Amino acid sequence: MDLNAIAKKWQSAWEEAGIFHATEGKKKKYYVLEMYPYPSASFLHMGHVRNYTIGDVYARCKRMQGHNVLYPMGYDSFGLPAETAAKKEGIHPLDYTEKAIKKIIAYQKALGNSYDWERMLASHDPEYYQWNQYFFIKLFEKGLAYRKKAPVNWCPNCESVLANEEAEGGKCWRCETDVVKKDLEQWFFKITDYAERLLADLEKIEWPEKIKTMQKNWIGKSHGTEILFEINKEQWPIFTTRPDTIYGVTFMVISAHHPRLMELTTAEHKKDMEAFVKKCQKVKTQEEIESLDKDGVFTGSYAINPVNGEKVPVWAGNFVLADYGSGMVMAVPAHDQRDFEFAKKYKIPIKEVIMPVFGEAHKNEEFRKTISAVVHRKKDNTFLMIQWKEFGWISPVIGGIDQGEDAGKAAEREVLEETGYKTQFIKKLGGETEQHFFADNKKVWRMRLDQAVLLELTDDKPVTLDKEEAKKHEVIWMSAEEALKKITHEYNAFGLLQYLGKERAYTEEGTLINSGEFNGTKSTDAIAEITKYLAQKKLGKKVIQYKIKDWLISRQRYWGTPIPMIHCQKCGVVPSAIPVLLPKNVDLKAKNPLKEHKEFVNVACPKCKGPAQRETDTMGGFMDSSWYFLRYCDNKNKKEPFSKAKVKYWMPVDQYIGGAEHAVMHLIYARFFVKALHDMKLIDFDEPFAKLFNQGIVYKDGAKMSKSKGNVVYQTDISDTYGIDTARFFLMSVATPDKVIEWRDDGVEGSYRFLSRVYALSDKKLIAKIDTLTQSKMHRTIKGVTETIDTFEYNKTTIAITEFVNYLQTLEELPKEAFTTLLLLIAPFTPHLAEELWEKAGQKTFISLASWPSFDEKKIDAKAEFIEETITNLTLDMRKVLEFAKIEQPKTIKIIISASWKYDFYRLLKKEIEKTRDMKLILQAVMAKQEFKQYGEDIAKLLPLILKDNTKLPSVILSQKEELQNLQKVSERIKGIFKADIRIEAAEKSTEAKAKNASPSKPAIVVT
RNA sequence: GCGGGGAUGGCAGAGCGGUCAAAUGCGGCAGGCUUAGGACCUGUUCCCUUAGUGGGUACGUGGGUUCAAAUCCUACUCCCCGCACCA
C-alpha cells in the first residue's frame, strides 16, 4: 500500500475532472468555509493540517449527502508580516507574497482537500482590493466612515508611526527610542452605531456560547446614569452605574488623555500636569498596565455635586479611560475600589453612604440604637462581628480560618480588642481540624461562607461539629443567608457597618446613609430613584453605554489597500476614483513609503481639479476579511464586488470554521460589515455566518507549534512516511476537533496500521449477499458516523468506523455492500485511499461524488448482534473449559444457559465439571444493552429485594421464550464450531441458589 | 478581579444516574508467526485471590440527594482560555 502514490494519483484525477468546482444550481446549497489564512512561505505544520482537514471532512460529507457544496480557499495576503519579511529578505512585498501564495497552494493541494480552486482569491490582488475601496466610499457616503484624531504609536526619533508589534515593550524596534502616543487623524468605521444590533442578533446565530459571551463582553453594554457636574460654571457630564453613591462623591477624576484636560488645569498646577500627562503618554506593556499604581495630579478646579452642592476637587488620573463614558468619573472612595486606592494615596476624605445590612430588621429604629455589627475586612480574612443587645459581641468567622488558624486567630482578636471587647478564646471545637472560636457567652457563631453553626454552649466543654453531635448540643445548621436572616429577625440584631480597617471599599449593595432625603433607601432602589430625581432637575438622565469602540481602519503602512480619499485644500476630503492602485515602485526603506511617492500623493482634486493630496493611510487587514466570503460567491466579477443573485444563492455561510482567537476582532467586524451592506440593500441577510466551529490548537512539548520555538512537526514529516491520509485520519481520531491536543508521534503508527487493515480488506472475496448481522452492524455504523460527523465529534466517528472494520475483518468473505459502505463512510477522512479501494471494488465513478449511505433503524438487529456476541463469549469460555478438561474433541456438548446470577451459574458449572469430564461447554449469556433498557423497570422493582440480600445485580435478564429461541440459533453455531452433538436440557434451580435464597424470583434457568 | 471551559486508568481520550473496573487508540507484558527483529495475529494490562466464580480500592478533594453516583447538587483545590483600571 503506497499511500503517497495513491494520493498523487487521485489528486490529479480530481483536478483533471474538476469535480470540486461548484456552480449555482437548483440543488440545496451548503457553504463550508475555513477562515482564510495568511500566506506564509513555510511548510504547513500539523496544526494547519488539522484545521484544514476538519473543514474538508465536513465539506466532503455534505457534498456526498447531496448538497451543492461551496468550499473555497483564498489568502489574506495584505498586512505587516509580508512587509517585515520582505524588508528582512530584501524583496518587494508583492513578490514575497506571490511566491508565498504559490507555495502554500502547493502544500494545501497535497492535503487533498476538496477546495474549489477556481474560486481562489487573494486580498492583495487589485481585482479584490479595489472593492475594498468601493465599499469604503459607500461607507463614507453613508456617514459610517469618518476621520478623527486618535493616538498611535509614534517614534519621535524615526518620526514614524509604528505598528503595535513594532513598539513592543514601549521601545522602537529600530532605534530603541521610547515610543510615545501621538494623536493623528485616523479613519474609523462607526461600528458603535451597530452595537445594539450586534448584541441582539447574537441570538440568531448558532455559535459556541463562549464566542458569543466574548462578543457580549466586548460590546459591553451597561445601563447607567449620566450626571452633570458643574465645574468652572460649566456643566460636565459623567457616566456612572452607581448613582446611588452620589452623596459619597469626594472628588472627581478626569482622564490624563482627556482632550479638554488643560481647560480644567489652573495655572499653578500646569507644570505638574504637563509632566503627568507626558508620563501617561508612554506606551505601556500589558504587564505594566496591569500592575500600574493609581496616579494623579490635582487640576486646581472644583466640581459641584448636583445633589448636595458640595464642592469637590477635580483630579487628573491615569486609571480613567478617555474614550469610555465621558472620560471623567465621579469618585466615591467608600464604595469603589479604584477610587478608594486613589483617595488613600492622596489623603482625600472617604465618605460612606452605603451601609451593608441583612434582612429587613434595619428598618426598626430601636435596633439601630442598641445593636450593631462591625465588619473588619482585611485582604484575605473577613470577619463579621455582631453585637446584639442581650449577648454582647459575638464573633462569627467568615472564611479563612481553616487555612491559617494563627492569622485568623490573631486578626480576630485584634478586631475584638479594637472594639474594646474582652475576648475569651474557647478552645478548639470539632474533630480533626482545629477550629477557633471566640465568645464570652453561651453562644458562639461559626460561619464559613455557606454555612453557619450556632452553638449553644451549656458548659465550657468543647463541642464537636459533626451533625450527630451537633444535635445533642442544640447546634443549628443553616446557610449563611439563613443565619443572617436569623440574626436580623429572630435575634433582632442589626448591622451597622463601619470599616475599622479601612482597607478596601464596600462595593456591595446595602442601605443608604448620609444621603439626605434618600437615607434608608435600599441601594438597588436608590439607583432608579436618584436618577429620576436628577432627571427632574435636568441634571442627569438614564443612558446606555457600550464598551465597544469605533473600528480604527487606518494603518500607516505600505502593504494594504490604499484608502481612496483625496485631501483638497478647497473641497476638503473627497472620495477618489477607483481603483486606487498601490504603486509598486516605492522606496521601501522610507519611513512611510506611500507618503514619499510623489506621483501617488499629488493628484488633482476630483471636484475642483485643483492640486490635492491623496490619503496615504492604507486599510487594516480586517477590511479584507470582512467580506471575502461574499467574493468567493462570484470571484471573477469585474464589474461589481459580487452579483447579488449569486450571493443570494450561496450566502450566508452555513458552516464557518476557524480559531477562537478571532472571536472578537474579525468576527465582529465581519458581522458589522454585513449589517452595513444589508442596510445599503446590497445583500438581503444580516448575519454572515450561521454556524461557527472553533477548532483547537495543536501543541507540542507543551507549547503551540511555532517555528521560533522549534517544536514544529511539518505536514511532510508525516506524509512522507505514512501518507497524508494517515495524518488526516490520525488528527481526526485523537480528540474532538475543538480540543487542544498534544502532538505525539507514536499515535500516527496506530492510524497507519488501521488504514493498512482497511486496505487488506480489499483483498477479501466480495460477495453479493449480505447477512443480517453484517447488515445490522453496517446500519449501526452508518448511523453513528452520520450523526457524529454532523456534530464534529470526529473522534467518535473514527471509533465507529474502526469497530466496523474490526468486525469485517473476522469475515471470510466480504459482502460487497458492507465494504462499499465502509469506503463511503471513511471517504471524508481518507479520501485518496477511499477512491483507490472504490475503484478496486469495481466502481466507475468518484467516491467523492457518490451518495452518502442512509441508514435504516429497523435494520439494526439487536437480537442478531446479541446472539453473535453470546456466541463469541461462549466460544471463548468453552475453549477455556476444554483446555482445562484437557479434551480435544468433545462428543457431546451440554449447553447451560444462565439467565441469572453468575454465582449460580458457576456453581452449576463446577458441579458439571466434577460430575463428568465429558462436559464441554460453558455458556455465559451476556445481557445486551437494549435488553437492559427494556427490562429496566422490572429490575428497579426487584432491586430493593435484591439489595436486602446483599446480592449482586443479575447479569442476565431475558424472557424465557426469547431466550430459548436465541438458544436454538446459538446451539447451531456452536455445533459447527466444535463439531459435536448438542443436547439442550432444561436446567434445575441450583441447590446452592436455593440454599442461599438468592432471589425470590426465578434466579436461574439452565437449559441442557 | 470578571467571564468561559476543565480535572476519568501508565498516557491521550470517551462516558454524563443503573448493562462501569469504565469505549477506542497509544504504551507495557505474555504467546503465535519468523533465523532474528519489524510488521501482523492472539491474549493480557487497578490491587488481592482463583482453572472459573469472589473480594477490595478507584473517575481532583470534602459534604449532600438517591435503593443506586464517574455521571445530579454543593463547597473547596488546582489547571486552561478569553477580557481586563469600562466608572
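Throughout, a chain's letter reflects where its sequence line sits, starting with A, and its residues are numbered from 1. What you are looking at is a predicted structure, and each value in this text was computed from that prediction instead of being measured.
- N694(A) has its CG atom 17 Å from the P atom of G4(B), to the nearest Å.
- Between the side chains of R757(A) and Q809(A), at least one donor N or O lies within less than 3.5 Å of an accepting N or O.
- Looking at heavy atoms from C-beta onward, N318(A) lies in side-chain contact with F276(A) at the 4.5 angstrom threshold.
- K212(A) pairs by the salt bridge (charged side-chain N to carboxylate O under 4.0 Å, His left out) definition with nothing, not counting sequence neighbours.
- Considering only side-chain atoms of N806(A), the nucleotide from G25(B), A14(B), A23(B) that sits closest is G25(B).
- The partner of C20(B) cannot be assigned: no Watson-Crick or G-U wobble pair with both contacts below 3.5 Å exists in any strand.
- Remark: F729(A) CZ to Y722(A) OH distance equals 15.5 Å, nearest 0.5 Å.
- The distance between atom NE2 of H335(A) and atom C1' of A87(B), rounded to the nearest whole Å, is 15 Å.
- In this structure, K739(A) has no salt bridge (charged side-chain N to carboxylate O under 4.0 Å, His left out) partners at least two apart in sequence or on a different chain.
- For R757(A), counting side-chain heavy atoms from C-beta on, the closest listed nucleotide (C85(B), A23(B), C41(B)) is C41(B).
- Q545(A) comes within 4.0 angstrom of no nucleic acid atom, judged by non-hydrogen atoms across all strands.
- Taking every side-chain heavy atom of K294(A) into account, C85(B) is the closest of A12(B), C83(B), C85(B).
- Ranked by how close their nearest RNA chain B nucleotide is to the 5' end, W218(A) and T802(A) are led by T802(A).
- Candidate nucleotides A87(B), A84(B), C41(B) were compared by shortest atom distance to the side chain of V320(A), and A87(B) ranks first.
- One atom, CD of E226(A), and another, P of A87(B), lie 15 Å apart when rounded to the nearest Å.
- Taking the ring centroids of Y794(A) and F792(A), they lie under the 6.0 Å cut-off.
- For D295(A) and K345(A), the salt-bridge test passes: some basic side-chain N is under 4.0 Å from an acidic carboxylate O.
- Residue contacts for V253(A): at a heavy-atom cut-off of 4.0 Å it reaches no nucleic acid atom on any strand shown.
- Atom CD1 of residue I219(A) and atom CG of residue L202(A) lie 5.5 Å apart, to the nearest 0.5 angstrom.
- Nearest to the side-chain atoms of T213(A) among the listed nucleotides G3(B), G13(B), G82(B) stands G3(B).
- For D336(A), the salt bridge (charged side-chain N to carboxylate O under 4.0 Å, His left out) partners two or more places apart in sequence, or in a different chain, are R338(A).
- Across the strands present, U65(B) finds no partner; the criterion is a Watson-Crick or G-U wobble pair with both atom distances under 3.5 angstrom.
- The partner of A14(B) is absent, by the rule that a Watson-Crick or G-U pair needs both atom distances under 3.5 Å.
- Rounded to the nearest 0.5 Å, atoms CD1 (I530(A)) and CZ (R242(A)) are 10.0 Å apart.
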Every protein N/O lying under 3.5 Å from an N/O of nucleotides 15-17 of chain B:
from   : atom 1 : to      : atom 2 : distance (Å)
G15(B) : OP1    : K796(A) : NZ     : 2.9

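- If you check A87(B), A23(B), A84(B) against the side chain of V329(A), the one that comes closest is A87(B).
- Straight-line distance between the P atoms of A87(B) and G15(B): roughly 39 Å, to the nearest whole Å.
- Pairing for U77(B) goes to A7(B), judged as Watson-Crick or G-U wobble with the two contacts each under 3.5 Å.
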Under 3.5 Å, which protein N or O atoms sit close to an N or O of nucleotides 26-31 of chain B? Give each pair with its distance.
from   : atom 1 : to      : atom 2 : distance (Å)
C26(B) : OP1    : R753(A) : NH2    : 2.9
C26(B) : O2'    : D746(A) : OD2    : 3.1

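- The nearest whole Å value for the distance from the CG atom in L202(A) to the P atom in G3(B) is 18 Å.
- T736(A) comes within 4.0 angstrom of sugar-phosphate atoms only, judged by non-hydrogen atoms across all strands, and of no base.
- Residue F239(A) forms a side chain to side chain contact (heavy atoms under 4.5 Å, CB included) with just one option from V543(A), T225(A), I544(A), and that option is V543(A).
- Note: CE (M732(A)) to C1' (A14(B)) measures 17 Å, nearest angstrom.
- Contact between the side-chain N/O atoms of K212(A) and the OP1/OP2 oxygens of G4(B) is not found at any separation under 4.0 Å.
- Atom-to-atom distance recorded for F229(A):CZ and M330(A):CE is 5.5 Å, nearest 0.5 angstrom.
- Separation of the C1' atoms belonging to C26(B) and G32(B) is 22 Å when rounded to the nearest angstrom.
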Contacts under 3.5 Å, N or O only, protein and nucleotides 5-9 of chain B:
none

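- Taking NZ from K351(A) and OH from Y247(A), the interatomic distance works out to 8.5 Å, rounded to the nearest 0.5 Å.
- Residue N795(A) is in sugar-phosphate contact alone, with no base atom involved, counting any heavy-atom pair closer than 4.0 Å across all strands shown.
- Here C2(B) presents its P atom at 19 Å from NZ of K216(A), a figure rounded to the nearest Å.
- Side chain of A735(A), nearest nucleotide from G13(B), G25(B), A87(B): G13(B).
- If you check G82(B) for Watson-Crick or wobble pairing at under 3.5 angstrom, you find it paired to C2(B).
- Taking the P atom of each, G63(B) and G13(B) are spaced 29 Å apart, rounded to whole Å.
- Here the P atom of nucleotide C83(B) and the CD1 atom of I668(A) are 12 Å apart, to the nearest Å.
- The base-pairing partner of A30(B), taking Watson-Crick or G-U wobble contacts with both distances under 3.5 Å, is U42(B).
- A14(B) sits 15 Å from U24(B) when the P atoms are compared, rounded to a whole Å.
- Distance check on atom P: C73(B) versus G18(B) gives 15 Å, rounded to whole Å.
- Closest to the side chain of Q809(A), out of A23(B), C41(B), C85(B), is C41(B).
- Separating the CD atom in Q215(A) from the CG atom in L199(A) is a distance of 9.5 Å, to the nearest 0.5 Å.
- Distance, I548(A) CD1 to A84(B) P: 13 Å, rounded to whole Å.
- Of all nucleotides listed (U24(B), C41(B), A12(B)), A12(B) comes nearest to the side chain of V734(A).
- Look at the C1' atom in both C46(B) and U8(B): the space between them is 13 Å, to the nearest Å.
- Comparing atom distances between the F239(A) side chain and each of A87(B), C41(B), G3(B) picks out A87(B) as nearest.
- Under the ring-ring contact (aromatic ring centres under 6.0 Å, His included) test applied with Y346(A), the options W315(A), F340(A), F251(A) reduce to a single match, W315(A).
- For the P atom pair drawn from A12(B) and U57(B), the interatomic distance equals 27 Å after rounding to whole Å.
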